[in-house]
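This report concerns only the one structure given below.
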Amino acid sequence: MIQTAPKRILVTGGAGFVGSHLCDRLVNAGDDVVCVDNFYTGDKRNIAHLLAQHNFELIRHDVTFPLYLEVDQIYNLACPASPIHYQHDPVQTTKTSVHGAINMLGLAKRTGARILQASTSEVYGDPEVHPQDESYWGRVNPVGVRSCYDEGKRCAETLFFDYWRQHRLEIKVARIFNTYGPRMHPDDGRVVSNFIVQALREQPLTIYGDGSQTRSFCYVDDLVEGLIRLMGSEASFTGPVNLGNPGEFSMLALADAVIRETGSVSATVFKPLPEDDPLQRKPDIGLARKALAWKPKIELQEGLSRTVEYFRDVVSN
Ligand code: NAD
Ligand code: UDP
């Protein structure tokens, strides 16, 4: 069997929810992984089990400042993803996406590393096209409360494509749709973690608006597989490519599914819909199927069951 040399891989935001699962996969594959995080929303406990591995290293660093390392690949995930966290310090959110992209692209340019950007379905805003495919330019409010995240990510995509055109960098852009699973922060306000924690605590599930808005939920292992396939795809394939699970659920349907899965007696309570909350979201994953031979395997019920199992421990401790 041909042995290939381990790659030196930087994961920014590696102590976060998605980043920590990605670090797990890369460390287990034998690559040398450097996790960079400022712990804004991440948690050392997410990667504590990796600290003793010879091929894992943790650096506390804010990507809005330059970073000098020698690496072969960069996964740029650093950025708070939950609305309450990215709206807490919106200026820092934009800086993280924009200055962070500039710094990581600069690092990729100096080292010749291949670089992947964790972009988002939020670049489509509140879409008029359904489901969303990559050719849709989006409908984003540039001055609303979600703009720091949406426009920051859109500007990061622009920077990636300009570095590609201008400096011939090997770029990969993933547009990630709502992803869930173990290690989501219990208080980060995202709907899956909120509903599960509320159900396990026998508190009412908070449905924003009338609950008819839809989202598509991808289990984290499926997403990580997509990110790794994208990074390994042929050099000419840049994306942007949607990564998400096309199953589409209203928030009312999600609340029912969570109540069933937890066996909770919680009721539901209706709260005002947050500003600029998109009404619908569902990925067209035709491009990912074709270019990456990727599709999600874990359906909502199975993914919820694994996530509930994780949160039972968190809530009881
Ligand atoms: P998360 O908040 O759990 O993880 C983000 C990580 O980035 C955290 O560990 C945080 O401490 C770190 N970070 C934030 N600002 C930083 C900075 N300036 N310097 C260094 N580290 C910084 O979020 P997540 O769900 O794991 O999301 C990971 C990435 O995927 C994000 O870029 C997010 O925008 C993107 N994404 C996630 C989803 C999703 O549903 N989870 C959907 C679309 C896009
Ligand atoms: N949501 C909800 N109850 C909650 C948290 C969120 O009904 O306790 C709704 C929210 O208004 C949105 C959807 O769930 O319509 C997804 O919200 P989330 O913050 O998880 O992701 P995003 O809005 O960024 O897709």
Side-chain angles (χ1 to χ4, degrees), residues 11-23 35-44 46-47 59-65 67 75-87 89 92-97 99-101 103-104 116-123 126 146 149-150 152-153 156 174-181 183-185 188-198 203-218 220 223-224 227 242-244 249-252 254-255 258 268-281 283:
V11 180
T12 76
F17 158 51
V18 175
S20 63
H21 287 277
L22 178 61
C23 288
C35 164
V36 161
D37 208 294
N38 70 350
F39 303 113
Y40 182 62
T41 50
D43 193 319
K44 278 188 204 154
N46 289 340
I47 36 90
I59 302 175
R60 180 192 285 261
H61 176 80
D62 183 325
V63 295
T64 61
F65 296 95
L67 178 66
Y75 288 87
N76 189 35
L77 272 62
C79 186
S82 122
I84 55 167
H85 283 146
Y86 69 64
Q87 289 168 25
D89 186 350
Q92 173 68 9
T93 299
T94 303
K95 278 188 186 171
T96 294
S97 278
H99 292 195
N103 289 328
M104 293 310 110
L116 181 150
Q117 169 67 359
S119 190
T120 169
S121 55
E122 292 283 323
V123 300
D126 194 4
R146 293 173 82 103
Y149 184 72
D150 303 6
K153 290 284 188 180
R175 289 188 179 152
I176 302 170
F177 283 65
N178 298 58
T179 300
Y180 70 101
R183 301 189 197 144
M184 293 182 88
H185 196 290
D188 84 357
R190 283 184 272 189
V191 68
V192 174
S193 46
N194 264 14
F195 282 1
I196 292 178
V197 170
Q198 288 161 346
Q203 293 164 349
L205 274 57
T206 50
I207 295 182
Y208 300 162
D210 64 5
S212 64
Q213 71 272 33
T214 66
R215 295 292 187 275
S216 298
F217 299 103
C218 185
V220 64
L223 173 67
V224 166
L227 293 175
N242 290 340
L243 294 179
F249 299 88
S250 70
M251 297 312 104
L252 288 171
L254 178 69
V258 168
T268 49
V269 61
F270 290 89
K271 303 261 180 181
L273 191 67
E275 200 180 312
D276 289 340
D277 199 281
L279 283 180
Q280 51 182 6
R281 199 64 85 40

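Just follow the structure's listing: the first ligand is 1, and inside any ligand the first atom is 1. Numbering starts at 1 and runs along the sequence shown. Computation of the quantities below employed the complete heavy-atom set of this structure, encompassing side-chain atoms and omitting hydrogens, waters and symmetry-equivalent molecules.
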_Shortest protein contact, atom 43 (C) of ligand 1 (heavy atom only)_ = I176 O, 3.1 Å

*Backbone N/O of D89 and side chain of T93: donor-acceptor pair under 3.5 Å*: yes

*Going by the atom numbers of ligand 1, which of them fall below 4.0 Å from some non-hydrogen atom of Q92?*
18 (N)

*Numbering as shown, the atoms of ligand 1 that approach L77 to under 4.0 Å (heavy-atom distance)*: 28 (C), 29 (C), 31 (C), 32 (O)

*Less than 3.5 Å between some nitrogen or oxygen of S121 and one of ligand 1, yes or no?*
no

*asked:* I need the atoms of ligand 1 closer than 4.0 Å to a non-hydrogen atom of N178, numbered in the order shown.
replied: 40 (O)

*Output the list of atoms in ligand 1 that are nearer than 4.0 Å to some heavy atom of F39, sorted by atom number.*
11 (O)

*Take every heavy atom of G100, measure it against each atom of ligand 1, and state whether any distance is under 4.0 Å.*
no

*Check each protein residue for a heavy atom under 4.0 Å from ligand 2 and list those that pass, ordered by chain and number.*
P83, E122, R146, N178, G189, R190, V191, N194, F195, T206, I207, Y208, Q213, R215, M251, P274, D277, R281

_Identity and distance of the protein heavy atom lying nearest atom 17 (C) of ligand 1_ = N38 ND2, 3.3 Å

*Relative to each other, are the rings of Y180 and F217 parallel, tilted or perpendicular (30° and 60° limits)?*
perpendicular

*Considering residues at least two apart in sequence or located in another chain, which fulfil the side chain to side chain contact (heavy atoms under 4.5 Å, CB included) criterion with E275?*
V145

*Which ligand 1 atoms does G42 reach within 4.0 Å, using its non-hydrogen atoms?*
8 (C), 9 (O), 10 (C), 11 (O)

*Is the closest heavy atom of Y149 to ligand 1 under 4.0 Å?*
yes

*So S82 and R190, side chain to side chain donor-acceptor pair (under 3.5 Å) or not? Walk me through it.*
CA-CA 6 Å; S82 122; R190 283 184 272 189; 4.9 Å; no

*Please confirm whether Y40 comes within less than 3.5 Å of ligand 1 when only nitrogen or oxygen atoms on both sides are compared.*
yes

_H61 neighbourhood, listing ligand 1 atoms whose heavy-atom distance to it stays under 4.0 Å_ = 19 (N), 20 (C)

_For atom 11 (O) of ligand 1, what's the nearest protein heavy-atom neighbour? Residue, atom name and distance, please._
D37 OD1, 2.6 Å

_G13: numbered ligand 1 atoms lying under 4.0 Å from its heavy atoms_ = 6 (C), 7 (O), 9 (O), 12 (C)

*Please report which non-hydrogen protein atom sits nearest to atom 3 (O) of ligand 1, along with the residue it belongs to and the distance in Å to one decimal place.*
F17 N, 2.9 Å

*Report yes if the side chains of R175 and L243 come closer than 4.5 Å at any heavy-atom pair, otherwise no.*
no

*Atoms of ligand 1 less than 4.0 Å from G16 heavy atoms?*
3 (O), 4 (O), 8 (C), 9 (O)

*Would you mind finding which of A174, A118, S119, A81 brings a heavy atom closest to atom 44 (C) of ligand 1?*
S119

*asked:* Do T12 and D37 have side chains that approach each other closer than 4.5 Å (heavy atoms only, starting at C-beta)?
replied: no

*Is there a side-chain contact between M104 and H99 (heavy atoms, below 4.5 Å)?*
no

*asked:* For atom 40 (O) of ligand 1, what is the closest protein heavy atom, and at what distance to 0.1 Å?
replied: T179 N, 2.8 Å

*Closest non-hydrogen protein atom to atom 1 (P) of ligand 1, residue and atom name please, with distance?*
T41 OG1, 3.7 Å

*asked:* I want to know if ligand 1 touches D43 in the polar sense, i.e. an N/O pair below 3.5 angstrom.
replied: no

*For E122 and Y149, work out which heavy atoms get closest and say how close.*
CG-CE2, 3.5 Å

_Could you check whether any side-chain heavy atom of V11 comes within less than 4.5 Å of a side-chain heavy atom of V36, counting everything from C-beta outward?_
no

*Could you establish whether K153 and ligand 1 come within less than 4.0 Å of each other, counting only heavy atoms on the residue side?*
yes

*asked:* Suppose we measure from atom 26 (O) of ligand 1 to each protein heavy atom; which comes out shortest, and what is that distance?
replied: V18 N, 2.8 Å

*Search all heavy atoms of F270 against all heavy atoms of D210 and return the closest pair with its distance.*
CE2-O, 3.7 Å

*Consider every N or O of T64 and every N or O of ligand 1, then say whether any pair is closer than 3.5 Å.*
no

*Short N or O distance, A78 and ligand 1, threshold 3.5 Å exclusive*: no

_Side-chain donor or acceptor of T64 paired with backbone N/O of G100 under 3.5 Å_ = no

*What are the two closest non-hydrogen atoms of C23 and G14, and how far apart are they?*
SG-O, 3.9 Å

*Side chain T41, main chain G16, donor-acceptor under 3.5 Å*: no

*Taking all non-hydrogen atoms of both residues, which atom of F17 and which atom of T179 are closest, and how far apart?*
CE2-O, 3.6 Å

*Quick check: does T120 get an N/O under 3.5 Å from an N/O on ligand 1?*
no

*When you measure from atom 41 (N) of ligand 1 to each heavy atom in K44, R183, R190, which option holds the nearest one?*
R190

*Are a donor atom and an acceptor atom from the side chains of S20 and R183 found within less than 3.5 Å of each other?*
yes

_Which heavy atom of Y40 sits nearest to which heavy atom of H85, and what is that distance?_
OH-O, 3.4 Å

*Can an N or O of V63 be found at a distance shorter than 3.5 Å from an N or O of ligand 1?*
yes

_Check contact between E122 and ligand 1, using heavy atoms of the residue and a distance below 4.0 angstrom._
no

_Restricting to side chain to side chain contact (heavy atoms under 4.5 Å, CB included), what partner residues turn up for S97, sequence neighbours left out?_
C79, K153

*Carefully, step by step, assess D126 and Q280 under the rule side chain to side chain donor-acceptor pair (under 3.5 Å).*
CA-CA 7 Å; D126 194 4; Q280 51 182 6; over 6 Å; no

*So which heavy atom on A118 is nearest to which on I176, and how close?*
CB-CD1, 3.8 Å

*asked:* What protein heavy atom lies closest to atom 5 (C) of ligand 1? Include the residue and the distance to one decimal.
replied: C79 O, 3.2 Å

*Considering distance alone, does some N or O of V36 sit under 3.5 Å from an N or O of ligand 1?*
no

*T206 backbone acceptor or donor facing Q198 side chain under 3.5 Å*: yes

*By side chain to side chain donor-acceptor pair (under 3.5 Å) - contacts of D277 (at least two apart)*: R215

